[in-house]
Amino acid sequence: KELTDKNMDEAFWDLQLSLLQSDVALEVAEAITEKVKEKLKGKRVGRFTDLKTLLEEALRESIKEILTPKSSIEILALAEENKGKKEPLVIVFLGVNGTGKTTTIAKIGRMLKKKGYNVVFAASDTFRAGSIEQLEEHGRRTGIRVIRHDYGGDSAAVAYDAIQHAMAKGVDVVLIDTAGRMQTDKNLLEEVNKIVRVSNPKLTIFVGDALAGNDAVEQAKKFNEAVGFDAVILAKVDADSKGGAALSITFATEKPIIAVGTGQKYDDLASFSPEWFLSKILD
Amino acid sequence: SLGQGISNAFRKLLRRPTVDEKAVEEFVKDLQRALLIADVNVDLVLALSERVKKRALEEKLPLGLTRREHVIKVLFDELTVFLGESYQPLRYISGRSNVYMLVGIQGSGKTTTGGKLARYLKKRGLKVGLVCADTYRPGASDQLKQLSERVEVSFYGEPDAKDAVKVAERGVKKFKGEGYDVILVDTAGRHKEEKGLLKEMKEITGKIKPDEIILVLDGTIGQQAFNQAKAFNEATDIGSIIVTKLDGAAKGGGALSSVVATGAKIKYIGTGEKLDELETFDPPGFVGRLLD
Ligand SMILES: Nc1nc2c(ncn2[C@@H]2O[C@H](COP(=O)(O)OP(=O)(O)OP(=O)(O)O)[C@@H](O)[C@H]2O)c(=O)[nH]1
Ligand SMILES: Nc1nc2c(ncn2[C@@H]2O[C@H](COP(=O)(O)OP(=O)(O)OP(=O)(O)O)[C@@H](O)[C@H]2O)c(=O)[nH]1
Ligand SMILES: [Mg+2]
Ligand SMILES: [Mg+2]
């Protein structure tokens, strides 16, 4: 039985719609649909139901390929390798306003401390109201020292100061909190670029909001182009995110997602599971 | 972004010698794409584009309009049905205290918007008080207190308190007793899966009886906007929406979804981090940006 072009087009349109409803960015949904089309080229199809099965199989494969990280970055492993070295392990966190950077830093700080590492926080968000008090309160709750200056101060100078302090006191890890910023603001991208240059981190982490739509791709791309990051942490996954942002960001930047934020408490940080996201997206 | 906007679709439509069924179909496909990139809810996009297509093809041409102009008019009509035609202010009754409660998902911009609204209303000669009823987020009280100092309005907060309902109640009672015109109550971020927090929001509402419950929505939100807004509206009657972070690249399509989900009107938009970066909502401007 011959499959008409119309059936194929409808099937691919439905596929794309389901990706969009899972909050995958449009350009990524289109690219994945193309990928699936490629996979199906030359495959023999019988009845319409066979096409549906083939499509789902090809889609599952394509998504799995995109989500499975090409490199493995593990913060605890990096901390272990760095132990005893003169220079501390420096990690910078960046991203758009309100995505969960400060909370994620607090979670990671506590995780490292529980494993026996000596940690300091650098309050390099010298702009937003209450940002320093927020990090200081996290510092109190986790028993982690916060290196800070005053509001309006040079954010790179705070990072530098924190690293100097770490070297003098034999601190293992320095976690640098930066202010949220729009990827469309060239000056602010340059500011965070300066923080990265000055602090020369081992790891730069982009913190994204799992609830973001098409902007997730724009954010990740622009930050990666302007500053460059090594890994992604997706926060607020517990808000019943459909998982699409994970696919969009990974597809657009090829950087691994190394953790997800699953809530507001210190324990709410989980490792990224491609399988879990795959099932959410295909659901 | 370039090549994806509806303005290109309009241009294509304009270049055609005649606007026949095929041209309308192609225009509607472009419209769908533009709305999806703008983060409008998928089901809403399909419904909207169906209506635009149907009206464009079946409606009798209004007098004086070309078919081309008619297609464009139908599109704008359909979109402004939800958004309203012009700016609508927050509910305000003079001669007594008006309580506005800010609610929304974590990080959407509630606290910052509270500061912006306080400044805006004070400029209009109103006596404004800010209440921090967020007892969860570290530094929440400090954040709102610093903003209140910047815009020079009174502040009420209990940094060590654990009961948000009690803090909200006490703050509102204090400012009411002192004859404040507007009392802005900032609450903790919450999402639809946090049933306990939705319950808390309901309890605060029950105690302080707000004149307006304002949903503060992040302009970058994707397909989740509809369901999240719906959950907020089921817990408490959302009266208005403020969409933040529209100074970035996001088109704010999620806002359209939340309007449909709640029946509330968008009244202001946030266009930056500074306290003067709050604008009254302009439906035609928003639609223009959505489709650009
Ligand atoms: N539900 C949930 N909330 C989160 C998660 N991560 C962070 N949050 C909340 O999101 C809000 C914003 O978090 P912050 O850590 O202040 O975000 P930020 O990126 O540092 O914000 P700016 O510095 O203002 O750009 C807070 O209310 C956090 O508790 C998460 O994984 N799940
Ligand atoms: N660029 C831009 N940033 C904004 C806007 N509104 C708020 N922000 C920023 O977004 C981040 C989060 O703002 P908050 O006011 O802390 O958000 P919130 O909703 O109170 O967060 P929670 O209380 O944790 O739920 C901050 O960095 C703000 O400066 C806006 O319109 N444009
Ligand atoms: Mg922060
Ligand atoms: Mg807040």
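Since we're looking at a predicted model, the values are computed, not measured. Note on naming: letters A, B, ... go to the chains in the order of the sequence lines (proteins, then strands), and numbering restarts at 1 for each one.
Interface residue B:Gln223: backbone and side-chain heavy atoms are both found under 4.5 Å from chain A. Using a 4.5 Å cut-off between heavy atoms, B:Gln143 contacts chain A through both its backbone and its side chain. Interface residue B:Lys192: only side-chain heavy atoms are found under 4.5 Å from chain A. Heavy atoms closer than 4.5 Å to chain B are found nowhere in A:Arg140, neither backbone nor side chain. For a residue to count as touching a neighbouring chain, one of its non-hydrogen atoms must lie under 4.5 Å from one of that chain's; by this rule A:Glu136 does not touch chain B. If you measure heavy-atom distances from B:Leu275 to chain A, you find no contacts under 4.5 Å at all. When heavy atoms are compared at a cutoff of 4.5 Å, B:Ile105 approaches chain A solely by way of its side chain, counted from C-beta outward. With a 4.5 angstrom heavy-atom cutoff, A:Gln21 touches chain B via backbone and side-chain atoms both. For B:Asp247, the parts sitting under 4.5 Å from any heavy atom of chain A are the backbone and the side chain alike. With a 4.5 Å cut-off on non-hydrogen atoms, A:Tyr151 touches chain B through its side chain but not through its backbone.
Annotation: maximal heavy-atom pairing with chain B below 4.5 Å, among A:Lys242, A:Arg181, A:Arg128, occurs at A:Arg128. In terms of non-hydrogen atom pairs under 4.5 Å with chain A, the most contact-rich of B:Gly107, B:Gly139, B:Pro138 is B:Pro138. Looking only at heavy-atom pairs under 4.5 Å with chain B, the residue among A:Met182, A:Gln134, A:Arg141, A:Gln219 that has the most is A:Gln134. Per-residue heavy-atom pair counts under 4.5 Å with chain B were compared for A:Ala210, A:Gly263, A:Gly98, and the maximum is reached by A:Gly98. Highest contact tally toward chain A, considering only B:Gln228, B:Lys145, B:Arg190, B:Lys245, is held by B:Lys245 [criterion: heavy-atom pairs under 4.5 Å].
Counting only heavy atoms from C-beta outward, the side chains of B:Asp218 and A:Leu211 never approach each other to under 4.5 Å. At a threshold of 4.5 Å between non-hydrogen side-chain atoms, the residues B:Val45 and A:Leu20 do not count as touching. Looking at heavy atoms from C-beta onward, B:Glu273 lies out of side-chain contact with A:Asp185 at the 4.5 angstrom threshold. Contact check for B:His191 versus A:Asp240: no side-chain heavy atoms found under the 4.5 Å cut-off.
Across all their heavy atoms, A:Asp215 and B:Ala249 have their closest contact at OD1-CB, 3.8 Å. Across all non-hydrogen atoms, the minimal contact from B:Arg150 to A:Ala129 is NH2-CB, 3.6 Å.
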- request: Test A:Leu17 against B:Leu46 for side-chain contact (heavy atoms from CB on, under 4.5 Å), laying out the working first.
  value: CA-CA 10 Å; A:Leu17 272 188; B:Leu46 297 177; 3.9 Å; yes
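More than 12 heavy atoms of other residues, nucleotides or ligands sit less than 6.0 Å from atom NZ of A:Lys37. A:Lys35 NZ: more than 12 foreign heavy atoms inside a 6.0 Å radius.
Distance check: A:Leu26 CG to B:Gln32 CD gives 10.5 Å after rounding to the nearest 0.5 Å. Within the model, atoms CG of B:Asp39 and CG of A:Asn214 stand 4.5 Å from one another, a figure rounded to the nearest 0.5 Å. The line from CD of A:Glu133 to CD of B:Gln146 is 4.5 Å long, rounded to the nearest 0.5 Å. In this structure, CD in B:Gln106 is found 7.0 Å from CG in A:Asp238, a value given to the nearest 0.5 Å.
For B:Lys12, the salt bridge (charged side-chain N to carboxylate O under 4.0 Å, His left out) partners two or more places apart in sequence, or in a different chain, are B:Glu26, B:Asp30.
Classification of B:Arg33 and A:Glu30 as a salt-bridged pair holds, one side-chain N sitting under 4.0 Å from a carboxylate O.
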